[in-house]
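A short write-up of the structure that comes next.
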Protein chains: 2
Amino acid sequence: MAEEAAVRAQAEAVRRLKQDKADPDEIAKEVAKLLEMKAQLGGDEGKHKFVLKTPKGTRDYSPKQMAIRERVFNAIIACFKRHGAEVIDTPVFELKETLTGKYGEDSKLIYDLKDQGGELLSLRYDLTVPFARYLAMNKITNIKRYHIAKVYRRDNPAMTRGRYREFYQCDFDIAGQFDPMIPDAECLKIVHEILSDLQLGDFLVKVNDRRILDGMFAVCGVPDSKFRTICSSVDKLDKMPWEEVRSEMVGEKGLSPEAADRIGEYVQLHGGLDLIERLLQDPKLSQNKLAKEGLGDMKLLFEYLTLFGITGKISFDLSLARGLDYYTGVIFEAVLLQQENDHVEEPVSVGSVAGGGRYDGLVGMFDPKGRKVPCVGVSIGIERIFSILEQRVEASEEKIRTTETQVLVASAQKKLLEERLKLISELWDAGIKAEVLYKKNPKLLNQLQYCEDTGIPLVAIVGEQELKDGVVKLRVVATREEVNIRRENLVEEIRMRTSQP
Amino acid sequence: MAEEAAVRAQAEAVRRLKQDKADPDEIAKEVAKLLEMKAQLGGDEGKHKFVLKTPKGTRDYSPKQMAIRERVFNAIIACFKRHGAEVIDTPVFELKETLTGKYGEDSKLIYDLKDQGGELLSLRYDLTVPFARYLAMNKITNIKRYHIAKVYRRDNPAMTRGRYREFYQCDFDIAGQFDPMIPDAECLKIVHEILSDLQLGDFLVKVNDRRILDGMFAVCGVPDSKFRTICSSVDKLDKMPWEEVRSEMVGEKGLSPEAADRIGEYVQLHGGLDLIERLLQDPKLSQNKLAKEGLGDMKLLFEYLTLFGITGKISFDLSLARGLDYYTGVIFEAVLLQQENDHVEEPVSVGSVAGGGRYDGLVGMFDPKGRKVPCVGVSIGIERIFSILEQRVEASEEKIRTTETQVLVASAQKKLLEERLKLISELWDAGIKAEVLYKKNPKLLNQLQYCEDTGIPLVAIVGEQELKDGVVKLRVVATREEVNIRRENLVEEIRMRTSQP
């Protein structure tokens with residue numbers, strides 16, 4: 001066929017352009033032409049030409065995964081509600097300019113929508129910036145809210161394993177002008193409660209303060225202009241040894257070796273109230289206004305955490321920096337520690353599962369008059385928690401039910417479809433969760449097998465004799481026990497027998 | 001400033017265009033230019049230049065709206081679970097080609113993502129096509145699932161009022177090869193249950209079948225090539241009188257007046273089993289294979305609906321067409337009827353709140369070997385239901401709580417912050433939903449007022465005397481009753497007093 005020859009010629013042209021490392025735009029254009037030609041030509045039946053997949057970095061959730069996901073969400077939402085939070089929702093995309101200038105270097109990871117006429121839009125990158133936009137737009141100066149939704153980052157999943165481009169965040173934030181450190185302490189209490197509830201194993205919450213970091217940089221001799229970039233080097237200390245971070249500071253970022261070494265001494269420090277007291281006496285830090293403020297608040301924070309009884313899992317850690325630009329005070333990050341039975345001497349962090357901090361300036365960036373609304377919040381990184389729980393379910397061979405069906409309406413003989421439909425309709429109307437096989441004459445064995453497969457605990461069997469007697473035979477799947485129940489008592493009986501949640 | 005003068009001139013130009021009722025597109029263009037000029041000019045401090053808003057056609061949900069939304073979702077999810085559905089989730093975007101060729105004329109409403117390198121992506125337009133993609137990709141031939149998520153359509157909200165560009169769909173679908181009309185009948189039962197549960201007033205579910213429509217077109221003398229376009233004219237009958245639809249068929253679409261008149265006779269018909277019987281005897285329709293099949297299944301469907309006791313609200317309506325291309329059998333749409341107290345003679349439809357139908361070919365479009373998986377499903381149009389319930393709440397002045405807090409931990413004297421934090425920590429750990437004001441020394445009056453404002457029913461008051469006596473003063477906000485409770489009994493007492501859900 002002439003068309004096939006044309007496609008081959010076009011394919012060859014594309015190959016040659018690629019070989020010659022031609023202009024990528026030109027290659028793309030020719031590839032598009034090739035695809036179009038192929039599409040017009042069609043496959044065997046001219047219809048199944050595309051790849052059957054979800055977009056890169058995304059995934060579907062199967063019913064089983066959804067069952068696990070619901071457990072996790074329920075635990076998190078219960079905690080947020082226990083702390084009196086309201087809930088809001090915002091659109092999945094924002095005006096592009098709403099997100100501009102909020103994420104520093106990470107801005108390149110924002111998904112933009114195509115310009116199809118009208119506004120320029122971007123998918124949300126987190127829930128914090130939309131929250132700040134919401135507060136400014138509605139002139140809200142005081143709210144405690146949670147928000148659970150998906151966010152989008154054009155990260156490279158190959159480079160950062162276990163990460164997705166579409167993933168859930170579960171955020172709890174407190175906005176308003178309050179006495180220092182009380183809301184901040186509550187955020188840490190929430191992290192502690194959620195990670196304890198989910199039984200993910202041992203964990204540690206690292207805490208620091210942007211003001212302490214900035215004060216430390218100042219007294220170590222970092223020029224003001226280098227604060228942010230040196231801060232982002234420090235942020236890598238959880239993934240790189242100090243020596244590498246130091247050489248990045250000195251080599252790439254042009255910091256003096258002396259300043260780097262002074263930073264090196266500080267960032268190795270971590271501890272509790274005693275360390276805070278010691279640094280408050282530190283001859284250099286104590287002279288710096290920012291550091292002193294930060295340390296004073298850190299002390300207050302630890303006093304409140306002591307009242308909450310959770311300092312055992314909190315570590316004041318001078319190496320914690322957090323990447324985002326908008327933090328202004330306390331910052332924190334929770335990591336899971338490797339299990340003790342892995343025979344390592346000291347517990348090792350296996351990844352961050354929650355993070356947050358204070359961002360007192362963000363709402364002001366949206367307010368036409370620059371009015372500030374102080375905020376502090378926490379974000380639970382749910383994806384890693386899902387994976388851990390999924391793995392655990394796989395390992396335990398625990399059978400997870402994906403429905404809540406209480407009873408299957410079945411029949412032992414033929415020609416009883418109408419009777420099954422009449423009975424199930426009564427059950428549905430009474431609020432019973434019930435199923436029926438969509439067959440006119442299903443075999444009893446198949447109906448019982450369906451219950452075994454899906455975990456339905458009861459079978460309500462209608463037969464000619466039962467119909468005459470005004471009863472239904474109720475069978476308990478697990479024990480195979482069968483008992484005749486008067487039809488008018490059936491709903492109550494099913495409720496009683498399936499009353500545990 | 002010259003720029004300011006230019007902005008003023010542009011504003012004047014826009015004003016004049018509006019006055020002259022110029023072409024809306026031209027006005028929009030000039031307004032956009034004006035906004036851009038204003039943005040470049042900037043504000044006083046040259047930093048707050050953007051418009052503080054959500055994208056066109058989208059909205060935030062406030063805590064109060066979320067409380068209403070949760071009620072509706074809970075009712076819908078309860079129904080889906082009652083019918084034994086599992087739940088899945090899919091990404092918010094799909095490969096562009098996954099959506100291509102599924103929506104007919106509506107494809108122009110799909111949101112595309114910007115090409116930032118990598119795959120070409122589009123936001124999902126509904127949940128049905130992603131479901132079909134999911135089935136084909138995972139080779140699932142048998143599932144009953146629900147999916148509640150947002151979908152995206154670049155509709156013109158100015159033209160179609162009450163519609164959003166981002167909105168929720170609540171879908172329930174049954175996939176698999178089953179005996180005819182049993183799953184289809186269950187879908188209609190579900191619509192009936194949900195609309196009854198939500199107490200939205202009287203409603204009617206119109207039912208038809210694509211095969212009956214196609215058969216009708218054939219016997220009326222519509223050429224095969226015009227089936228789809230004439231079908232989409234019929235689809236407008238709920239918004240336009242027959243005369244207008246007829247002139248569209250004849251004028252724009254070139255149908256013969258005779259054929260149009262024959263269609264006109266059929267599409268005025270609606271009724272129940274009697275109408276189905278009559279059409280089965282219709283000399284022309286009964287000769288058409290497709291129509292006969294469709295009518296036979298419609299009869300079976302009505303027999304099952306009779307067993308479910310819901311035919312009172314179901315109407316077989318030959319004017320129902322539904323826009324989407326992928327339907328192959330039964331189609332249906334639920335409309336709310338105007339309330340009787342509006343003094344109209346016949347109930348008038350005020351809009352569609354649910355719709356669905358059978359689509360036996362869609363999964364096969366994704367399967368590499370074209371294997372078909374028959375599907376039938378229903379989608380609840382939640383946005384209109386939200387608006388109705390929101391309006392009702394506004395009208396009733398019902399106070400909607402946006403939190404579930406059971407108790408506020410308060411103090412009557414100063415210097416008791418530590419004691420409040422200690423007590424609230426105990427309550428949180430015991431699972432009590434509790435709040436505290438984030439002030440060192442809040443006034444008791446302010447604390448009580450906070451309870452009034454937010455609907456917290458109880459106040460646990462710590463004071464020096466109470467601490468000495470080992471008790472907490474529990475105050476009932478509604479009655480102002482106060483009673484001392486021993487601290488070790490406090491949790492139980494709060495639980496007891498707030499036990500209603």
Side-chain angles (χ1 to χ4, degrees), chain A residues 45 48 50 52-56 58 60-63 66 81-82 84-95 97 111-114 116 118-119 121 133-134 136-137 145 150 154 166 178-179 182-183 193 304 307-309 366 368 402-405 418 421-422 425 428 433 435 438-440, chain B residues 48 50 52-56 58 60-63 66 81-82 84-95 97 111-114 116 118-119 121 134 136-137 145 150 154 166 178-179 182-183 193 304 307-309 366 368 370 402-405 418 421-422 425 428 431 433 435 438-440:
Chain A
E45 303 162 7
H48 302 298
F50 56 88
L52 201 56
K53 66 186 284 292
T54 62
K56 183 177 176 188
T58 68
D60 297 317
Y61 283 85
S62 70
M66 287 296 282
K81 287 191 171 176
R82 199 155 58 232
E86 304 180 281
V87 57
I88 70 162
D89 194 19
T90 65
V92 81
F93 43 62
E94 295 278 344
L95 297 185
E97 51 195 345
Y111 277 97
D112 291 329
L113 270 74
K114 189 170 157 186
Q116 293 168 290
E119 299 161 337
L121 307 173
R133 191 265 308 146
Y134 174 81
M137 193 173 130
R145 81 89 182 80
K150 288 175 178 173
R154 294 181 60 251
E166 174 187 60
F178 301 118
D179 283 330
I182 314 177
E193 285 179 23
Y304 296 154
L307 294 171
F308 289 160
F366 289 107
T402 55
T403 70
E404 298 174 10
T405 309
E418 300 205 343
L421 293 184
K422 238 193 271 181
S425 185
W428 285 332
K433 293 166 190 149
E435 288 185 71
Y438 303 124
K439 295 274 168 194
K440 275 179 103 155
Chain B
H48 303 297
F50 57 88
L52 200 56
K53 67 187 282 293
T54 61
K56 184 178 176 188
T58 69
D60 298 317
Y61 283 85
S62 70
M66 287 297 281
K81 287 191 171 177
R82 198 156 58 233
E86 304 180 280
V87 57
I88 69 160
D89 195 19
T90 66
V92 81
F93 42 65
E94 294 277 344
L95 297 186
E97 52 194 346
Y111 277 96
D112 291 329
L113 270 74
K114 189 170 158 186
Q116 294 169 291
E119 300 160 335
L121 307 173
Y134 173 80
M137 193 173 129
R145 80 91 182 80
K150 289 174 178 175
R154 294 181 59 251
E166 174 187 61
F178 301 116
D179 282 329
I182 314 178
E193 284 180 23
Y304 295 156
L307 295 172
F308 289 161
F366 289 106
T402 54
T403 70
E404 298 175 9
T405 309
E418 300 204 345
L421 294 184
K422 238 193 273 183
S425 185
W428 284 331
K433 293 166 190 150
E435 289 185 70
Y438 302 123
K439 293 275 171 195
K440 276 179 99 154

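So you know, we letter chains A, B, ... as the sequences are listed, proteins then strands, and number each from 1.
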Part of [X] within contact of chain A (heavy atom distance under 4.5 Å):
{"X": "B:Leu421", "answer": "both"}
{"X": "B:Ala85", "answer": "backbone"}
{"X": "B:Gln116", "answer": "both"}

Close side-chain approach of [X] and [Y], heavy atoms under 4.5 Å:
{"X": "A:Ile88", "Y": "B:Tyr61", "result": "no"}
{"X": "B:Ser425", "Y": "A:Leu307", "result": "no"}
{"X": "B:Thr405", "Y": "A:Arg82", "result": "no"}

Requested in this report: Let me know if A:Glu418 has heavy atoms under 4.5 Å from chain B in its side chain, its backbone, both or neither.
Outcome: both
Report summary line: So, the part of A:Lys439 with a heavy atom under 4.5 Å from chain B: the answer is both
Report task. On the 0 to 90° scale, with breaks at 30° and 60°, tag the B:Phe93-A:Tyr111 ring pair as parallel, tilted or perpendicular. Result ->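 Aromatic pair B:Phe93/A:Tyr111 classed tilted.
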**Report entry** Shortest non-hydrogen separation from B:Leu52 to A:Ala136 and the atoms involved
**Finding:**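 Taking every non-hydrogen atom into account, CD2-C, 3.7 Å.
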Report task. Tell me, out of A:Asp89, A:Thr90, A:Asp179, A:Leu121, who's got the most heavy-atom pairs with chain B below 4.5 Å. Result ->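 Looking at each of A:Asp89, A:Thr90, A:Asp179, A:Leu121 in turn, A:Asp89 comes out on top.
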Query - When A:Ile182, A:Asp60, A:Thr58 are compared by non-hydrogen pairs under 4.5 Å with chain B, the top option - result: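 The option with the most such pairs is A:Asp60.
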Query raised in the report: Does the distance from a Lys or Arg side-chain N to an Asp or Glu carboxylate O, for A:Glu119 and B:Lys53, drop under 4.0 Å?
Result: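 So A:Glu119 pairs with B:Lys53 through a salt bridge.
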Query raised in the report: Got a donor-acceptor contact below 3.5 angstrom from the B:Glu94 side chain to the A:Pro55 backbone?
Result: no
Report summary line: Looking only at B:Lys114, B:Lys150, B:Lys440, B:Lys81, most heavy-atom pairs under 4.5 Å shared with chain A are made by B:Lys114
Report summary line: Comparing B:Asp112, B:Thr402, B:Thr403 against chain A, the one with the most heavy-atom pairs below 4.5 Å turns out to be B:Asp112
Query raised in the report: Out of curiosity, B:Leu113 CG to A:Leu113 CG, how far, rounded to the nearest 0.5 Å?
Result: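 Rounded to the nearest 0.5 Å, the CG-CG separation comes out at 4.5 Å.
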Requested in this report: Supply the atom-to-atom distance A:Leu95 CG to B:Lys56 NZ, rounded to the nearest 0.5 angstrom.
Outcome: 12.5 Å
